[in-house]
Asker: 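Pasting a structure here, questions to come.
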Amino acid sequence: MAAKPQRKRTVPRDMPRRGLGPDTPRAQIRTRLGTAYLADSVDFLGNHVKDDTVDLIVTSPPFGLVRKKDYGNVDADDYVDWFRPFAEQFKRVLKQSGSLVIDIGGSWKPGFPTKSLYQYELLITLCKEFGFHLAQEFFWWNPSRLPTPAEWVTVRRIRVKDAVNMIFWLSPSPWPKASNRRVLQPYSSSMNELLANGYRPKRRPSGHEISDKFSRNNGAAIPPNLIAMANTESNSKYLKYCELNEIRPHPARFPTVIPEYFMHMLTDEGDLVVDPFAGSCVTGEVAERLKRRWRCIEIEKLYLDGAAGRFEDMLESSVRPVSGDEFYKIPRPGLLWDETKKEPLPQDGGKQRPPKRHTK
C-alpha cells in the first residue's frame, strides 16, 4: 500500500519566546507514551512535576557560545547563573536512583585562541552547590565536525579541529541505576584473534596483572566513555517533514544515538525520561521507540511544529537499524609525521595573522 501524502500546514510564526505563565503549558504533541509541551521548563518542572518522579533527564541545552544562534544561547560568562534555576528543579524531580545527562560543547574566548571554562564551572557548580555526583564524563566525537574555529584552525593553523563535546553523567546519589551490559559493543578484530589463539596470563609493564579471565569470551566488549558518531542527518523523515511544511529545522540537533545510549544504560521500559531543552524532540522520539514514558519541554513553538514530523507513522519496533557507516576508527597520531618537511613554529604563537597564500 502506498504511503499517504503528508498534508501541508500553515505554521504561525509570531509565537513569542517568553511570556508563558507558569500555569499555561501547552501540549503540542501527544503520543501513547509521552507529551511535548510548549513551556518554560523551569516553570513547567516547578509547577507540574512532582518530587522524585523522573528516572532520567537527558538533554543538550543551549551552549555558552560567543556567537548568537537562532535557538537562543547565553554568554559563557553568564552561563552558570543562567543554569542555576534549571539545576534546582532537576535535583528536585529526579529520583535518587535517577540520572542527569548533559551534552555540552565548548566555547572559545572572543578574539583569542583559548577556551572558556564555562562547562567545567557548570559541572563544579552542579556537584558542589546542588549536590550532584559525577558518575562519569563521556566524550562525543563527531568526525563530521567542520574545522572550526576557522581563524585558529584553517587560517593561522595554531589549533586543531574542535570535534568533541563533553557529556556529563550526573546523579543525585552515588548509586544511580545503570548497567553497561546494555551498551556492549562487538569485539575488535585483535580481541577476536586473541580469543582464537589463546592468551598467556602475565604481568604487564604497567604492573597490571592480566589473569586467564581476560581470554574468556563474553560475547561482546565493554565500551569506553567515547561515543564516536557523525552528526550528518541530511535526508531524515524529520527534515522532509520540515521541508514539506515550510518549517525551519532546528539548527543544533544531536543524533538519536546520544539519548538512545543513555536510555539503554540507565533506564528500563516504562521509566520516565525528560528533556527540558527539547528542540526538535529527538529525546521524545527515541523514548517512544524504546517504550519509555517521556516529557519534552521547549520554549520555541516553531521547533515543536517541526518535531511533530518525528512521530508520524512511528514503528512499534524498538530495533534501530545500524549500518557500518556508524562506526569509526580513531586515527593514530603520527601517521603523517615527518620532521624533515616541517615549517618552523611561529615564535609569537600565531598572534600575527599569516599573509594569504597565492595559488596559481
Asker: Run the side-chain contact (heavy atoms from CB on, under 4.5 Å) test on R295 and V49 for me, step by step, so that the C-alpha distance in whole Å, both residues' side-chain angles and the decisive distance to 0.1 Å come before the verdict.
Answerer: CA-CA 10 Å; R295 301 290 182 270; V49 180; over 6 Å; no
Asker: Side chains of N165 and R145: does their closest heavy-atom pair fall under 4.5 Å?
Answerer: yes
Asker: Within the structure provided, determine whether T125 and F132 are in side-chain contact (heavy-atom separation under 4.5 Å).
Answerer: no
Asker: With side chain to side chain donor-acceptor pair (under 3.5 Å) as the criterion, how do D162 and W108 come out once you've worked through the C-alpha distance, each side chain's angles and the decisive distance to 0.1 Å?
Answerer: CA-CA 10 Å; D162 210 10; W108 294 79; 3.2 Å; yes
Asker: Same cluster for L146 and W140 if Ile/Leu/Val/Met/Phe/Trp/Tyr side chains link at under 4.5 Å?
Answerer: no
Asker: Search all heavy atoms of T59 against all heavy atoms of F254 and return the closest pair with its distance.
Answerer: C-CE2, 4.2 Å
Asker: So does K351 get a backbone contact from the side chain of R156, meaning a donor-acceptor N/O pair under 3.5 Å?
Answerer: yes
Asker: Using 0.5 Å steps for rounding, measure from the CG atom of D40 to the CD1 atom of I299.
Answerer: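 Interatomic distance, D40 CG to I299 CD1, rounded to 0.5 Å: 4.5 Å.
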Asker: G98 and P172: which non-hydrogen atoms are nearest, and at how many Å?
Answerer: O-CD, 3.3 Å
Asker: So, N142 side chain and A163 main chain: donor-acceptor pair closer than 3.5 Å or not?
Answerer: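 Pair absent, no side-chain N/O of N142 close to backbone of A163.
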Asker: Distance from L56 atom CG to M265 atom CE, nearest 0.5 Å?
Answerer: 11.5 Å
Asker: If you count the non-hydrogen atoms of other residues, nucleotides and ligands that lie under 6.0 Å from OH in Y120, is the total more than 12?
Answerer: no
Asker: Could you grab the distance from atom CD1 of I222 to atom CD of Q185, nearest 0.5 Å is fine?
Answerer: 10.5 Å
Asker: I'd like to know whether E298 forms a side-chain contact (heavy atoms from CB on, under 4.5 Å) with Q28, so could you lay out the CA-CA distance, the side-chain angles of the two residues, the decisive distance to 0.1 Å, and finally the verdict.
Answerer: CA-CA 10 Å; E298 172 55 44; Q28 297 292 113; over 6 Å; no
Asker: Is D271 salt-bridged to K177, going by a charged N under 4.0 Å from an acidic O?
Answerer: yes
Asker: Hydrophobic cluster membership, with links at side-chain heavy-atom distances under 4.5 Å among I/L/V/M/F/W/Y: are Y118 and F139 in one?
Answerer: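 Same cluster.
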Asker: Would you call L290 and T267 a side-chain contact if the rule is heavy atoms closer than 4.5 Å?
Answerer: no
Asker: Flag yes if W82 and L45 sit in one hydrophobic cluster, no otherwise; membership is Ile, Leu, Val, Met, Phe, Trp, Tyr, and two members link when side-chain heavy atoms are under 4.5 Å apart.
Answerer: yes
Asker: What distance do L33 atom CG and R292 atom CZ have between them, rounded to the nearest 0.5 Å?
Answerer: 10.5 Å
Asker: For the pair D268 and R182, find out whether any cationic side-chain nitrogen is under 4.0 Å from an anionic carboxylate oxygen.
Answerer: yes
Asker: Contact between W169 and S99 at the side-chain level, heavy atoms closer than 4.5 Å - yes or no?
Answerer: yes
Asker: Closest approach of F311 and A307, non-hydrogen atoms and distance?
Answerer: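 That closest heavy-atom pairing would be CD1-O, 3.4 Å.
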Asker: Starting from the C-alpha separation in whole Å, work towards a yes-or-no answer on side chain to side chain donor-acceptor pair (under 3.5 Å) for S280 and R253.
Answerer: CA-CA 7 Å; S280 67; R253 307 175 302 278; 5.0 Å; no
Asker: With a 4.5 Å heavy-atom cut-off, do P61 and Y79 have their side chains touching?
Answerer: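 A side-chain contact under 4.5 Å exists here.
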Asker: In terms of hydrophobic clusters joined by side-chain contacts under 4.5 Å, are L134 and I102 together?
Answerer: yes
Asker: Locate the shortest heavy-atom distance separating D275 from F277; write the atom from each residue and the value.
Answerer: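 So the two residues come closest at OD1-N, 3.0 Å.
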Asker: Tell me if the CD atom of Q96 is crowded by more than 12 foreign heavy atoms within 6.0 Å.
Answerer: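 More than 12 within 6.0 Å, yes.
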Asker: Would I124 and L126 show up in the same hydrophobic cluster when neighbours are defined by side-chain heavy atoms closer than 4.5 Å?
Answerer: no
Asker: Looking only at heavy atoms, which two atoms of F130 and K91 are closest? And how far apart?
Answerer: O-NZ, 2.8 Å
Asker: Given 3.5 Å as the limit, does a donor-acceptor pair link the side chain of S144 with the main chain of A230, or not?
Answerer: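 Not at all, since once roles are kept as given, no pair shorter than 3.5 Å links the two residues.
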Asker: Could I get the full list of side-chain contact (heavy atoms from CB on, under 4.5 Å) partners for Q119, not counting sequence neighbours?
Answerer: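 With sequence neighbours excluded, Q119 shows a side-chain contact (heavy atoms from CB on, under 4.5 Å) to I104, M166, F168, given in chain and number order.
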Asker: With a 4.0 Å cut-off on N to O distance, would you call R310 and E288 a salt bridge?
Answerer: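 No, no charged N to carboxylate O under 4.0 Å.
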Asker: As an exercise, state the distance from OG1 of T31 to CD of E285, rounded to the nearest 0.5 Å.
Answerer: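 Answer for the OG1-CD pair, T31 versus E285, is 11.0 Å.
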Asker: Are L266 and P176 close enough that some pair of their side-chain heavy atoms sits under 4.5 Å apart?
Answerer: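 They are not in side-chain contact.
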Asker: Do you know the tightest heavy-atom contact between I158 and G349?
Answerer: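 Minimum heavy-atom separation between I158 and G349: CD1-O, 3.5 Å.
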Asker: I would like to know whether K115 and K109 meet side-chain contact (heavy atoms from CB on, under 4.5 Å); could you show each step before the answer?
Answerer: CA-CA 6 Å; K115 302 293 293 284; K109 292 184 178 180; over 6 Å; no
Asker: Would you call L94 and L100 a side-chain contact if the rule is heavy atoms closer than 4.5 Å?
Answerer: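 Heavy-atom side-chain distance check passes, below 4.5 Å.
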Asker: Could you state the interatomic distance from CD (E300) to CG (D305), rounded to the nearest 0.5 Å?
Answerer: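 The distance works out to 9.0 Å.
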Asker: Verify whether the ring centers belonging to F138 and F262 lie closer than 6.0 Å.
Answerer: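 F138 vs F262: aromatic centres under 6.0 Å.
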Asker: Evaluate the side-chain contact (heavy atoms from CB on, under 4.5 Å) criterion for residues L38 and Y303: first the C-alpha distance (whole Å), next the side-chain angles of each, then the deciding distance (0.1 Å), finally the verdict.
Answerer: CA-CA 10 Å; L38 177 67; Y303 298 145; over 6 Å; no
Asker: In the structure I gave you, are the side-chain heavy atoms of C281 and W294 within less than 4.5 Å of one another anywhere?
Answerer: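 When only atoms from C-beta onward are counted, W294 and C281 do touch, with a gap below 4.5 Å.
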Asker: Is there a donor-acceptor contact under 3.5 Å from the side chain of R293 to the main chain of G270?
Answerer: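 Pair found, side chain donor or acceptor close to backbone of G270.
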